[in-house]
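Just the heavy atoms: all of them, side chains too, but no hydrogens, waters or symmetry mates, feed the values below. Just so we're clear, the structure is a prediction, and the values are computed from it rather than from any experiment.
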Amino acid sequence: MLPRSFYARDTVKVARELLGKELVCGSKRGIITETEAYKEDDPASHSCRGRTPRNAVMYGPAGHAYVYFCYGMHWMLNVTTEREGTAGAVLIRSLDWVSGPGRVTKELGIDKGLNNHDMTKAPLYIREGIAPKKVETTARIGINRGVERQWRFYTQL
DNA sequence: ACTACGATGAACT
DNA sequence: GTTCATCGTAGTA
């Protein structure tokens, strides 16, 4: 299981290094193949307009789950990063057997009940997996601002 | 209280 | 490439 110190670093670095790690949620698991980084002063991040009740988790300690609802039907799973007091999160977009952030949460049974869950504890956590062969870097998906930041990472196993 | 819209996915054309 | 299902959040008042 990855220690909190893994998450308490630069968000972009954490997003890049989460590729190939294994996400575990109860009896379900999968290798992370796609992530996106969202930092505090990031026009595409929920934290861009300061702290609100929804995004408060991003400002808390690293290594917690930030789960939020979007488009009236999808839950998104993020892992908080950076030091406490600084907003940052990595969106888990795909595993090796399910692609799309909305589908990841649906297949793993993740919803707001796991918001602010400590990712260094069962049932939801991340542990060492495999070394990704090649990592591609692109612009993030589904956003209108901050498009120039190449903070989406994905790999093929 | 009202309203616009979003870190999406599925089903179209 | 386009449409739409569907609702919490945040901004406005």
Self-check item: A:Arg152 CZ - B:dT8 C1' separation (whole Å)
Solution: 14 Å
Exercise. With the side chain of A:Tyr38 defined as its heavy atoms from C-beta on, choose the nearest nucleotide among C:dA10, B:dG6, B:dA7.
Key: B:dA7
Practice problem: Describe the nucleic acid contact of A:Leu91 in one word from base, sugar-phosphate, nothing, applying a heavy-atom distance below 4.0 Å. | Solution: base
Practice problem: For A:Thr80 and A:Val57, work out which heavy atoms get closest and say how close. | Solution: CG2-O, 3.4 Å
Self-check item: Among C:dA10, B:dT8, B:dA7, the one nearest A:Met76 by side-chain distance
Solution: B:dT8
Quiz item: Nearest to the side chain of A:His46, which nucleotide is it out of B:dT8, B:dA7, B:dA10?
Solution: B:dA7
Exercise. Describe the nucleic acid contact of A:Arg54 in one word from base, sugar-phosphate, nothing, applying a heavy-atom distance below 4.0 Å.
Key: sugar-phosphate
Quiz item: Could A:Arg93 and A:Tyr154 be counted as a cation-pi pair, given that NZ or CZ must be under 6.0 Å from the ring centre and within 45° of the axis?
Solution: no
Quiz item: What's the shortest heavy-atom distance between A:Asp118 and A:Arg4, and which atoms?
Solution: OD2-NH2, 2.9 Å
Quiz item: Between C:dA10, B:dA7, B:dT8, which nucleotide gets closest to the side-chain atoms of A:His74?
Solution: B:dT8
Quiz item: In whole angstroms, how far is the P atom of B:dA7 from the CZ atom of A:Phe153?
Solution: 19 Å
Self-check item: Whole-Å distance separating the CG atom of A:Asn115 from the P atom of C:dG8
Solution: 15 Å
Self-check item: Nucleotide B:dG9, atom C1' - distance to CD of A:Glu34 in whole Å
Solution: 14 Å
Quiz item: From C:dC7, B:dG6, B:dG9, pick the nucleotide closest to the side chain of A:Phe69?
Solution: C:dC7
Quiz item: In what stems does DNA chain B take part, counting only runs of at least 3 consecutive Watson-Crick or G-U pairs whose two distances fall under 3.5 Å?
Solution: B:1-6 with C:7-12, B:8-12 with C:1-5
Quiz item: Separation of A:Leu77 atom CG from B:dT8 atom P, in whole Å?
Solution: 14 Å
Practice problem: From the options B:dG6, B:dT8, B:dA7, select the nucleotide whose nearest atom is closest to the side chain of A:Asn78. | Solution: B:dA7
Quiz item: A:Met73 has a side chain; which of C:dG8, C:dT6, B:dT8 sits nearest to it?
Solution: C:dT6
Quiz item: Considering only side-chain heavy atoms of A:Tyr71, which listed nucleotide, B:dG6, B:dA10, C:dA10, is closest?
Solution: B:dG6
Quiz prompt | Main-chain N/O of A:Gly100 paired with A:Arg103 side-chain donor or acceptor, under 3.5 Å | solution = no
